[in-house]
Amino acid sequence: MKKSNFKIFVVNPGSTSTKVALFRDKTKEFEMTITHDASKLNSFPSINDQLDYRMEVVHQFIETNHIDLTDVDAFVGRGGACYPVESGVYEVNDRLVEDMVNAVGGVQHPSNIGIPMAKKLQEKYGGRLFMIDPVAVDEFSPVSRITGVKGIERKAISHALNLKGTAMHHCKLHGLDYKNTKLVVAHIDGGITIAAHDHGRQVDCNDGAGGDGPFTGTRTGSLPLLGVLDYLHDHTEDELRKMCAGYGGFVSYFGTSNADEVLEMAKEGNEEAQLVWTALAYNIVKFIGSMAAALKGEIDGILLTGRYTRFEGLMKYIKEHVGWIAPIYIYENEVEHEAMASGALRVLRGEEEAKEYKGKSGFVGTFTKEGTAV
């Protein structure tokens with residue numbers, strides 16, 4: 001008789017939070033989100049140096065809730081900037097752990113320590129170890145990679161786990177086939193990524209961690225290049241890199257990454273806070289529009305997800321500016337944990353075979369043929 005009632009524990013470090021959850025099959029038994037202050041995270045020299053601090057959060061969760069992990073069947077860590085991979089479930093091997101630590105994908109992001117965190121738990125308690133749809137999922141088409149500088153290409157770095165999970169969740173709710181739809185999906189949180197999904201593939205998306213797209217609580221978003229060069233006259237390259245994904249956005253203007261605090265300042269009459277908050281919304285709708293254009297405007301829906309969906313004014317602004325493009329659907333609750341647990345469960349049940357991570361040599365791009373402008 002095949003085993004049922006699998007026990008799965010997921011670990012999910014994000015740009016301003018650490019999340020953990022425990023599942024029995026698809027039923028979530030425990031979940032916790034700890035929001036970190038940007039100043040605390042920025043006190044560490046590197047993302048890898050945050051590992052022990054974030055592990056303390058996980059251990060506190062385990063102890064506070066008296067969770068017994070000795071019989072866990074699988075641990076799942078959020079995947080970060082490994083070498084590009086196709087979408088799917090991966091059995092974690094030593095090469096994958098090493099590539100995460102070394103951030104071979106070229107982006108310093110907290111998700112890079114998701115696998116090392118999960119591995120520490122697996123080494124202590126046993127069970128299998130998986131990664132599902134890391135930030136390095138690459139389904140870009142060739143034309144979406146091209147920039148105005150030969151030798152510099154756009155990278156496929158995104159919240160692929162939640163973007164694809166939300167898209168599939170939406171399609172299931174509305175009786176649609178994910179592989180036969182066109183959607184714009186926006187993850188709006190401490191990090192913001194806005195993606196074009198074309199027949200089951202994420203064919204384009206801004207690289208939020210790499211300085212592309214709307215600014216956020218800690219990230220600069222897209223910047224005018226000449227202004228960046230002027231900035232470098234009085235600052236080091238290291239300072240600029242930290243500004244890009246640590247000291248930018250709300251932190252640069254107000255010294256805090258907390259969106260609730262910035263919104264409260266705006267409501268109390270702080271004119272700069274009002275302007276910056278509105279600019280956040282303005283940038284989001286601009287990038288939603290760009291992804292709609294990438295899909296020729298033939299869109300089955302615009303999906304909004306992430307913690308910022310709780311801000312009614314922000315959602316109203318987005319609806320007023322891009323609601324004419326396609327119906328807008330709001331999914332306040334992210335589905336990252338559900339996607340991680342479901343992926344592991346499919347493998348544990350034998351419904352799907354886990355992929356092997358092969359590093360740099362293992363990626364074969366999945367491309368579509370675009371129309372030509374010639």
Side-chain angles (χ1 to χ4, degrees), residues 12-21 31-44 50 53-54 56-58 60-61 64 78 109-111 159 162-163 166 185-194 206 208-209 213-221 242-288 303-322 328-337:
N12 181 6
S15 58
T16 57
S17 65
T18 297
K19 306 171 188 176
V20 291
E31 184 175 50
M32 181 179 74
T33 298
I34 294 294
T35 300
H36 307 295
D37 185 80
S39 61
K40 176 64 176 179
L41 296 180
N42 288 332
S43 69
F44 295 98
Q50 297 177 12
Y53 165 69
R54 293 193 185 241
E56 288 180 15
V57 174
V58 175
Q60 288 174 4
F61 170 79
T64 301
R78 184 183 179 191
H109 185 271
S111 59
H159 297 89
N162 192 45
L163 292 168
T166 299
V185 191
H187 173 102
I188 310 172
D189 206 320
I192 296 177
T193 46
I194 302 171
N206 69 292
F215 65 84
T216 72
T218 60
R219 298 174 182 171
T220 62
K242 289 181 178 179
M243 178 66 71
C244 180
Y247 294 91
F250 290 158
V251 175
S252 176
Y253 286 94
F254 309 109
T256 179
S257 62
N258 192 312
D260 294 277
E261 292 181 8
V262 175
L263 180 57
E264 187 61 28
M265 284 190 283
K267 289 180 176 179
E268 291 176 352
N270 184 311
E271 293 185 359
E272 184 177 36
Q274 292 172 353
L275 179 61
V276 172
W277 185 265
T278 304
L280 169 71
Y282 179 74
N283 275 267
I284 290 171
V285 297
K286 279 205 305 183
F287 277 88
I288 288 175
L303 316 184
L304 310 178
T305 182
R307 290 178 299 170
Y308 282 22
T309 58
R310 70 185 187 276
F311 298 125
E312 294 182 3
L314 179 60
M315 294 300 100
K316 182 174 181 289
Y317 186 100
I318 294 174
K319 289 178 180 178
E320 289 175 346
H321 283 73
V322 296
I328 293 178
Y329 303 87
I330 297 176
Y331 295 99
E332 185 171 342
N333 296 320
E334 299 172 13
V335 297
E336 289 182 337
H337 293 168

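None of these values were measured; they are calculated from a predicted model. Just so it is clear, the values below take in all heavy atoms, side chains as well, and ignore hydrogens, waters and symmetry mates.
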Does Y53 have more than 12 heavy atoms from other residues, nucleotides or ligands lying within 6.0 Å of its OH?
yes
Within the structure provided, determine whether V262 and N258 are in side-chain contact (heavy-atom separation under 4.5 Å).
no
Hey, could you give me the CD/CE distance between E268 and M265, rounded to the nearest 0.5 Å?
8.5 Å
Spacing of I194 atom CD1 and N283 atom CG [to the nearest 0.5 Å]:
9.0 Å
Using a strict 4.0 Å threshold on nitrogen-to-oxygen distance, state whether D260 and R310 make a salt bridge.
yes
Under 3.5 Å donor-acceptor, N12 side chain and R78 backbone:
no
So which atom in N206 and which in G213 form the shortest heavy-atom distance, rounded to 0.1 Å?
ND2-CA, 3.6 Å
Which distance, rounded to the nearest 0.5 Å, do you find between the OH of Y317 and the OG1 of T278?
6.5 Å
So CG of N42 and OG1 of T218: to nearest 0.5 Å the spacing works out to 7.5 Å
Minimum heavy-atom separation for G306 to E334, with atom names?
CA-OE2, 3.4 Å
Would a 4.5 Å heavy-atom cut-off, applied to side chains only, mark Y282 and K286 as touching?
yes
Can you name the nearest heavy-atom pair linking H187 to D189, along with the distance?
NE2-CB, 3.5 Å
Calculate, to the nearest 0.5 Å, the distance between atoms OG1 and CD1 belonging to T166 and I330 respectively.
12.5 Å
Which of parallel (below 30°), tilted (30 to 60°) and perpendicular (above 60°) describes F250 and Y308?
parallel
Who passes ring pair (Phe, Tyr, Trp, His ring centres under 6.0 Å) against Y253, sequence neighbours left out?
none
Main-chain N/O of T305 paired with T309 side-chain donor or acceptor, under 3.5 Å
no
Here the gap from L304 atom CG to L314 atom CG, rounded to the nearest 0.5 Å, amounts to 8.5 Å
Heavy-atom closest pair, residues R54 and P13:
NH1-CB, 3.7 Å
Can you find a heavy atom in the side chain of H321 that is under 4.5 Å from one in the side chain of I284?
no
Those residues that, when tested against E56, pass side-chain contact (heavy atoms from CB on, under 4.5 Å) (two or more places apart):
none
Hey, is the main chain of G190 close enough, under 3.5 Å, to the side chain of T216 for a donor-acceptor pair?
yes
Who passes salt bridge (charged side-chain N to carboxylate O under 4.0 Å, His left out) against K319, sequence neighbours left out?
none
Closest approach of P214 to I192 (non-hydrogen atoms, all atoms of both residues):
CG-CG2, 4.0 Å
Closest approach of V335 and N162, non-hydrogen atoms and distance?
N-OD1, 2.9 Å
